[in-house]
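Let me begin by presenting the structure, written as structure tokens, before commenting on it.
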Amino acid sequence: MKQTTIFITYNPKVGTEQTLAARLHTIGAVNGFRMYMPDRFNSDSVLDTETRRRIAMSDYLVLFSMSALSPIVKQEIEYAFEHLQDKSKIIVI
């Protein structure tokens with residue numbers, strides 16, 4: 001059986017969102033899910049190749065957002081929808 005893969009994202013420079021995303025990443029990984037997060041080290045303004053690859057390998061996208069969506073997060077959501085073709089697999093918290 002294929003392992004469920006989840007891409008978790010957050011608005012750059014929003015510490016609370018980043019902390020929640022990192023904690024979910026850890027909890028998911030220890031419970032048998034394959035977890036991915038965006039490559040914010042190389043880019044927090046443009047959807048880079050590595051982040052696109054991670055989204056493309058994912059079955060779901062989970063977004064933590066406690067403020068207005070940043071342009072990079074909007075790009076991630078749009079790319080995820082193109083890949084998943086199912087808005088029920090994009091979860092906004």
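Along the sequence shown, residues carry numbers from 1. Because the structure is predicted, anything quoted here is derived from the model rather than measured.
- The distance from atom OH of Tyr36 to atom OG1 of Thr5, rounded to the nearest 0.5 Å, is 5.5 Å.
- Val92 and Leu20 fall into different hydrophobic clusters, where Ile, Leu, Val, Met, Phe, Trp and Tyr residues are linked whenever their side-chain heavy atoms come under 4.5 Å apart, directly or through other members.
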Notebook entry, point to check: What do the steps show when you test Arg34 against Asp59 for salt bridge (charged side-chain N to carboxylate O under 4.0 Å, His left out), and what is the final call?
Noted result: CA-CA 10 Å; Arg34 181 162 300 212; Asp59 302 313; over 6 Å; no

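- In this structure, CG in Asp86 is found 8.0 Å from OH in Tyr60, a value given to the nearest 0.5 Å.
- Distance check: Ile77 CD1 to Leu47 CG gives 11.5 Å after rounding to the nearest 0.5 Å.
- The only member of Thr9, Asp48, Thr51 that meets side-chain hydrogen bond (donor to acceptor under 3.5 Å, both in side chains) when paired with Arg40 is Thr9.
- Within the model, atoms CD1 of Ile8 and OG1 of Thr26 stand 8.5 Å from one another, a figure rounded to the nearest 0.5 Å.
- At a threshold of 4.5 Å between non-hydrogen side-chain atoms, the residues Val62 and Ile93 count as touching.
- In this structure, Glu76 and Tyr79 have side chains that are not in contact, with every pair of non-hydrogen atoms separated by 4.5 Å or more.
- Side-chain atoms of Glu17 never come within 3.5 Å of backbone atoms of Pro12 as a donor-acceptor pair (strictly under, hydrogens ignored).
- Side-chain contact between Phe33 and Gln3 is absent, with no heavy atoms from C-beta onward closer than 4.5 Å.
- Within the 3.5 Å criterion, the main-chain N or O of Ser65 finds no donor-acceptor partner in the side chain of Asn11.
- Linking ILVMFWY residues whenever their side-chain heavy atoms come closer than 4.5 Å, directly or via other members, places Met66 and Met37 in the same cluster.
- What you find for Ala80 and Leu61 is that their closest heavy atoms are CB-CD1, 3.6 Å.
- Side-chain contact check for Leu69 versus Leu63: some heavy-atom pair is nearer than 4.5 Å.
- Between the Gln18 side chain and the Tyr10 main chain, no donor and acceptor come within less than 3.5 Å of each other.
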Next item on the list: Report the C-alpha distance between Phe64 and Thr16 in whole Å, list the side-chain angles of each, state the deciding distance to 0.1 Å, and finish with yes or no for side-chain contact (heavy atoms from CB on, under 4.5 Å).
Entry: CA-CA 9 Å; Phe64 287 100; Thr16 306; over 6 Å; no

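- Shown here is Arg23, whose CZ atom has no more than 12 heavy atoms of other residues, nucleotides or ligands within 6.0 Å.
- For Lys74 and Glu78, the salt-bridge test fails: no basic side-chain N is under 4.0 Å from an acidic carboxylate O.
- We find the NE2-CZ distance between His25 and Phe7 to be 10.0 Å, quoted to the nearest 0.5 Å.
- In this structure, Glu50 contributes its side chain and Asp39 its backbone to no donor-acceptor pair below 3.5 Å.
- Counting only distance, with no hydrogens or angles, the side chain of His83 and the backbone of Ser58 share a donor-acceptor pair below 3.5 Å.
- In this structure, Met35 CE and Ile6 CD1 are separated by 4.5 Å, a value rounded to the nearest 0.5 Å.
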